[in-house]
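Everything below concerns the one structure shown next.
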Amino acid sequence: GIQVEQSPPDLILQEGANSTLRCNFSDSVNNLQWFHQNPWGQLINLFYIPSGTKQNGRLSATTVATERYSLLYISSSQTTDSGVYFCADNNNDMRFGAGTRLTVKP
Amino acid sequence: ETGVTQSPTHLIKTRGQQVTLRCSSQSGHNTVSWYQQALGQGPQFIFQYYREEENGRGNFPPRFSGLQFPNYSSELNVNALELDDSALYLCASSLDPGETQYFGPGTRLLVL
């Protein structure tokens, strides 16, 4: 099955900084999703982005399906952005990466 | 708030016991998927149900089984619990397979 690789595994930022999280896939992606998992375990949908670019407030995502990668941009980070960010290919059996653990310090 | 609920929130069992976890999907969502998330890892797909039929299964043994009901509720059953079954169990609902999945808050299972 498809392999999903996320980088970096850990990221520590000062409040207000920008960051880019990357997701690489071993095969063609069909229905890419980005999630944020808060400290209580709840997975929150950020983007459903099989291709192209989408923006939602301080967050934006770009998927280049032909090159098998997706990027999540976080601008002007806040402490509430802390948590683990996952990308996944939603092809019935959704394959998740290992996640990027983001810590935003005040 | 995703509209997907799970019960119980926490559960402690002993090795060899059986457990049933429950999920209530968003109304109108015909598809439910279950995932196991061990500490420090990404969620792993267990299986998916679509209109009450199994529609795909991950690499989990048969002692993991499920049911989906017409009222948008579903169950995950695990028999003969092992210590390694300790994890966060997540369900997710979607309108149809392959569409955006919305996750519940999870059930934390501890097997002693």
Side-chain angles (χ1 to χ4, degrees), chain A residues 1-11 21-26 28-52 54 56 61 63 65 70 72 83-103, chain B residues 1-6 8-11 21 23 26 29-51 53-60 66 86-110:
Chain A
I2 193 169
Q3 302 298 313
V4 183
E5 191 176 288
Q6 290 189 244
S7 60
D10 293 278
L11 188 58
L21 283 56
R22 187 178 180 103
C23 188
N24 289 331
F25 294 87
S26 62
S28 302
V29 295
N30 294 306
N31 299 306
L32 188 96
Q33 284 189 248
W34 281 96
F35 297 90
H36 174 220
Q37 189 167 41
N38 66 24
W40 297 271
Q42 175 74 60
L43 274 166
I44 308 296
N45 294 65
L46 297 177
F47 294 101
Y48 179 82
I49 184 164
S51 64
K54 288 187 179 179
N56 184 5
T63 295
S70 184
L72 178 69
V84 184
Y85 289 80
F86 290 102
C87 61
D89 180 32
N90 184 9
N91 187 20
N92 284 2
D93 60 333
M94 191 141 66
R95 301 291 181 111
F96 283 81
T100 292
R101 181 171 297 278
L102 174 65
T103 303
Chain B
E1 184 63 48
T2 64
V4 181
T5 60
Q6 291 187 243
T9 55
H10 296 81
L11 200 52
L21 310 182
C23 173
Q26 282 192 26
H29 281 194
N30 298 307
T31 309
V32 64
S33 304
W34 285 89
Y35 298 84
Q36 180 195 67
Q37 187 177 17
L39 200 62
Q41 297 182 21
Q44 300 291 315
F45 174 73
I46 302 175
F47 45 57
Q48 182 183 84
Y49 279 79
Y50 173 62
R51 295 185 185 272
E53 298 284 335
E54 189 176 288
N55 186 48
R57 189 179 181 91
N59 189 25
F60 281 81
S86 296
L88 176 67
Y89 288 85
L90 297 161
C91 75
S93 75
S94 57
L95 275 170
D96 291 304
E99 299 200 15
T100 304
Q101 295 192 16
Y102 297 91
F103 281 78
T107 294
R108 292 191 183 276
L109 173 65
L110 178 61

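Side-chain contact annotation: A/Y48 with A/N31, donor-acceptor N/O pair under 3.5 Å present. In this model, a donor atom of one side chain and an acceptor atom of the other lie less than 3.5 Å apart for B/Q48 and B/N55.
For B/R57, no part lies near chain A; criterion is any non-hydrogen pair under 4.5 Å. Only the side chain of B/Q37 comes within less than 4.5 Å of a heavy atom in chain A; its backbone stays farther off. Heavy atoms of B/L90 lying under 4.5 Å from chain A belong exclusively to its side chain.
A donor-acceptor contact shorter than 3.5 Å links the side chain of A/Q6 to the backbone of A/C87.
The aromatic rings of B/Y35 and A/F96 lie perpendicular to each other, with more than 60° between the two planes, well past the 30° mark.
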